[in-house]
J.: 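I have a structure I would like to understand better, so I am pasting it below and will then ask my questions one at a time.
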2 protein chains.
Amino acid sequence: MTSASTPVIGPSRCNCAALRKASRRMSQFYDSVLAPCGLKSTQYAMLTEIARQGAAPPTIRELAEVLVMDQSTIGQNLRPLEREGLVALVQDEADRRSRRITLTKVGRSRFAAAEPLWRVAQERFEGGFGRRAAADLRAVLGTIARDPSLADAGEGSLR
Amino acid sequence: MTSASTPVIGPSRCNCAALRKASRRMSQFYDSVLAPCGLKSTQYAMLTEIARQGAAPPTIRELAEVLVMDQSTIGQNLRPLEREGLVALVQDEADRRSRRITLTKVGRSRFAAAEPLWRVAQERFEGGFGRRAAADLRAVLGTIARDPSLADAGEGSLR
DNA sequence: CCCAAATATCGGGATATCCCTGTATTAAAG
DNA sequence: CTTTAATACAGGGATATCCCGATATTTGGG
């Protein structure tokens, strides 16, 4: 009898696959907790970063860099938020190529409403995983996210 | 100590965001190394799992469970692989609701061609990150990926 | 000042990923 | 054996994510 009830996720040796599986599971979890406020984990992460900048609204490029995303991805992902009036893109007067991403009043309100839910997700996860373990894991993940040798691996052969 | 007045100016404390950023960076890296063989990291991961099953080709549901993906995602992602003739879906005779995913000869060949590139990515990452650290990280990520409390978090309240 | 290079973004196209709802098939209840 | 529930997918719709190539703007060199 194949154990259909408890499938072993598997001792895959692939660092990338391991990271992606965990990332999908974690996203499932945060998405399910955030669902009542109508924001996905990606949207919450973007709003967090935009709110954190506060006085100096980031450009698409800056936001992409911080969130380890592609510029086009940011542009696409901003569309639903813009459509719902949570963010507004205003052309930078100094450099008119750039558009700075600002939180609207509605955006700040929706973000504030989402924050308690995010805290619930944080508490629930760290309650099981360990607060210290979570902090350690975030630190390790941060070194990976910022590692320039991973980021620039495919840059040289293109230009 | 949640400083209510002072805005947090540091690395994000969100476990989900940290995981997703690292996952995107790692995917960038593996994708860039795998690019010459025409397979994305997700596709390579799917082929790996299909190949690992060998004699017992998995169903869409089984593959989804092992890879921590949605069934629809697997179905969608199989389409390009099927179109290129790397995999074939054959209806299970015992349970005709199921379709078992098998590697074709072409699929096995493409997978074999991709494997050395995957090894390069593994070596390059672990060379910088540490072989031991990578194994430890994979173990931690595995516990997250198969954590039932994360998986079932939003299941009870819906049906 | 003019032109080439760099920068910031946009647009199209493709895959990836989820949700929800339907359909076919099987298994279980009565 | 018939109705019902559960299971396995398929399809549509939406967001997420990347790449590539095009456009607008700025900047630096001559």
Side-chain angles (χ1 to χ4, degrees), chain A residues 4-5 16-17 20-21 23-32 34-35 38-46 58-65 67-84 89-101 151 154-155 157-159, chain B residues 17 20-21 23-32 34-35 38-46 58-65 67-84 89-101 151 154-155 158-159:
Chain A
S5 56
C16 184
R20 289 171 66 96
K21 287 181 204 175
S23 173
R24 285 188 287 253
R25 181 69 80 203
M26 189 76 94
S27 300
Q28 277 177 15
F29 175 65
Y30 275 71
D31 280 341
S32 75
L34 285 177
L39 291 176
K40 306 291 181 72
S41 50
T42 297
Q43 298 176 323
Y44 184 79
M46 287 198 298
T59 63
I60 290 183
R61 195 193 64 75
E62 287 166 353
L63 196 55
E65 190 140 4
L67 293 176
V68 192
M69 289 188 194
D70 195 271
Q71 289 187 15
S72 340
T73 306
I74 298 291
Q76 285 293 100
N77 293 0
L78 281 176
R79 240 162 266 192
L81 297 177
E82 206 180 358
R83 190 194 320 141
E84 293 193 61
L89 286 86
V90 262
Q91 198 172 40
D92 187 337
E93 280 309 311
D95 186 341
R96 277 185 303 189
R97 292 169 300 181
S98 303
R99 300 168 71 197
R100 299 211 165 259
I101 311 161
E155 294 301 298
S157 55
L158 293 177
R159 332 223 164 213
Chain B
R20 289 171 65 96
K21 287 182 203 174
S23 173
R24 286 188 285 255
R25 181 68 80 205
M26 190 74 94
S27 299
Q28 276 178 16
F29 176 65
Y30 274 71
D31 279 341
S32 75
L34 285 177
L39 291 174
K40 307 291 181 73
S41 51
T42 297
Q43 298 176 322
Y44 185 79
M46 288 199 297
T59 65
I60 290 182
R61 195 195 64 77
E62 287 166 352
L63 196 56
E65 193 138 2
L67 293 177
V68 192
M69 290 188 194
D70 194 272
Q71 288 188 17
S72 342
T73 306
I74 298 291
Q76 284 295 101
N77 293 1
L78 281 175
R79 240 162 264 193
L81 297 177
E82 206 180 357
R83 190 195 320 139
E84 293 194 60
L89 286 86
V90 266
Q91 197 173 39
D92 187 336
E93 279 309 311
D95 185 341
R96 277 184 304 187
R97 292 169 299 182
S98 305
R99 299 168 72 196
R100 300 211 164 259
I101 312 161
E155 295 299 301
L158 292 176
R159 326 222 170 225

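Computed from a predicted structure; not experimentally measured. Below, chains carry the letters A, B, ... as their sequence lines are ordered, and counting in each starts from 1.
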J.: How many whole angstroms separate atom CZ of B:Arg61 from atom P of C:dA24?
T.: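 About 22 Å, once rounded to whole Å.
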J.: I need the CD-P distance between B:Gln28 and D:dC18, as an integer number of Å.
T.: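 Distance, rounded to whole Å: 6 Å.
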J.: Could you tell me the separation between the CG atom of A:Leu78 and the C1' atom of C:dA8, rounded to a whole number of Å?
T.: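 About 14 Å, once rounded to whole Å.
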J.: Report yes if a donor N or O on one partner sits less than 3.5 Å from an acceptor N or O on the other, where the partners are the side chain of B:Ser98 and the base of D:dC9; otherwise report no.
T.: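 No, no donor-acceptor pair under 3.5 Å.
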J.: Once hydrogens and angles are ignored, does a donor-acceptor distance under 3.5 Å link the base of C:dT9 to the side chain of A:Arg97?
T.: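 In this structure, the two groups form no donor-acceptor pair.
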J.: How far apart are the closest heavy atoms of A:Arg24 and B:Val68, and which atoms are they?
T.: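 Smallest heavy-atom distance, with atoms named: NE-O, 3.2 Å.
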J.: What's the CD-C1' distance between A:Glu84 and D:dT15, to the nearest Å?
T.: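 Between C1' of D:dT15 and CD of A:Glu84: 12 Å.
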J.: Determine the contact category for A:Thr59: base if any of its heavy atoms lies under 4.0 Å from a base atom, sugar-phosphate if only primed atoms, P, OP1 or OP2 are that close, otherwise nothing.
T.: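 Sugar-phosphate: the residue A:Thr59, judged by heavy atoms under 4.0 Å, touches backbone atoms but no base.
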J.: Under 4.0 Å between a side-chain N/O of B:Thr73 and OP1 or OP2 of C:dA16, yes or no?
T.: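 So the side chain of B:Thr73 is outside the cut-off, no N or O lying under 4.0 Å from OP1 or OP2 of C:dA16.
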J.: Is it true that a side-chain atom of A:Gln71 and a backbone atom of A:Arg61 form a donor plus acceptor pair closer than 3.5 Å?
T.: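 No: the side chain of A:Gln71 does not pair with the backbone of A:Arg61.
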J.: Can you tell me how far P of C:dG13 sits from CG of A:Asp70, to the nearest Å?
T.: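 Atom-to-atom, A:Asp70 to C:dG13, this comes out as 17 Å.
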J.: OP1, OP2 of C:dA16 versus side-chain N and O of B:Asn77: anything below 4.0 Å?
T.: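 For C:dA16, OP1/OP2 do have a side-chain N/O of B:Asn77 under 4.0 Å.
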J.: Measure across A:Ala151 and B:Arg25 and return the closest heavy-atom pair with its distance rounded to 0.1 Å.
T.: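 Nearest pair, atom of A:Ala151 first, then B:Arg25: CB-NH1, 3.3 Å.
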J.: How many whole angstroms separate atom CG of B:Asp95 from atom P of D:dA6?
T.: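 After rounding, the gap between these two atoms is 17 Å.
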J.: Output the single nucleotide from C:dT15, D:dT15, D:dA16 whose closest atom is nearest the side chain of B:Arg20.
T.: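 Of C:dT15, D:dT15, D:dA16, D:dA16 is nearest to the side chain of B:Arg20.
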J.: Report yes if at least one side-chain N or O of B:Thr42 is closer than 4.0 Å to OP1 or OP2 of C:dT15; otherwise report no.
T.: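 Looking at the OP1 and OP2 atoms of C:dT15, neither is under 4.0 Å from any side-chain N or O of B:Thr42.
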J.: Report yes if at least one side-chain N or O of A:Arg96 is closer than 4.0 Å to OP1 or OP2 of D:dA24; otherwise report no.
T.: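 Answer is no, no contact under 4.0 Å.
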J.: Could you check A:Arg100 against A:Gln76 and say which one's nearest nucleotide on DNA chain C is further toward the 5' end?
T.: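 The residue mapped nearer the 5' terminus is A:Arg100.
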J.: Of the nucleotides C:dA16, D:dA16, C:dT17, which has the atom closest to the A:Arg24 side chain?
T.: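 Taking heavy atoms from C-beta onward, the closest nucleotide is C:dT17.
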J.: With nearest nucleotides of DNA chain D determined for B:Arg79 and A:Gln91 from heavy-atom distances, which residue corresponds to the more 5′ nucleotide?
T.: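 The residue closer to the strand's 5' end, by nearest nucleotide, is B:Arg79.
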J.: Under 3.5 Å, is there an N or O donor on one side and an acceptor on the other linking the side chain of A:Ser72 and the base of D:dC19?
T.: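 It does, because a donor-acceptor pair links the side chain of A:Ser72 to the base of D:dC19 below 3.5 Å.
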J.: Nearest heavy-atom pair of A:Leu39 and A:Leu81: which atoms, and what distance?
T.: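 That would be CD2-CD2, 4.4 Å.
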J.: Is it true that A:Arg100 and A:Glu93 have a side-chain N and a carboxylate O under 4.0 angstrom from each other?
T.: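 No salt bridge links A:Arg100 with A:Glu93.
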J.: Rounded to the nearest Å, what distance is computed from the CD atom of residue A:Gln71 to the C1' atom of nucleotide D:dC20?
T.: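 After rounding, the reported distance stands at 13 Å.
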J.: I need the CG-P distance between B:Leu81 and C:dA16, as an integer number of Å.
T.: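 Computing the B:Leu81:CG to C:dA16:P distance gives 7 Å.
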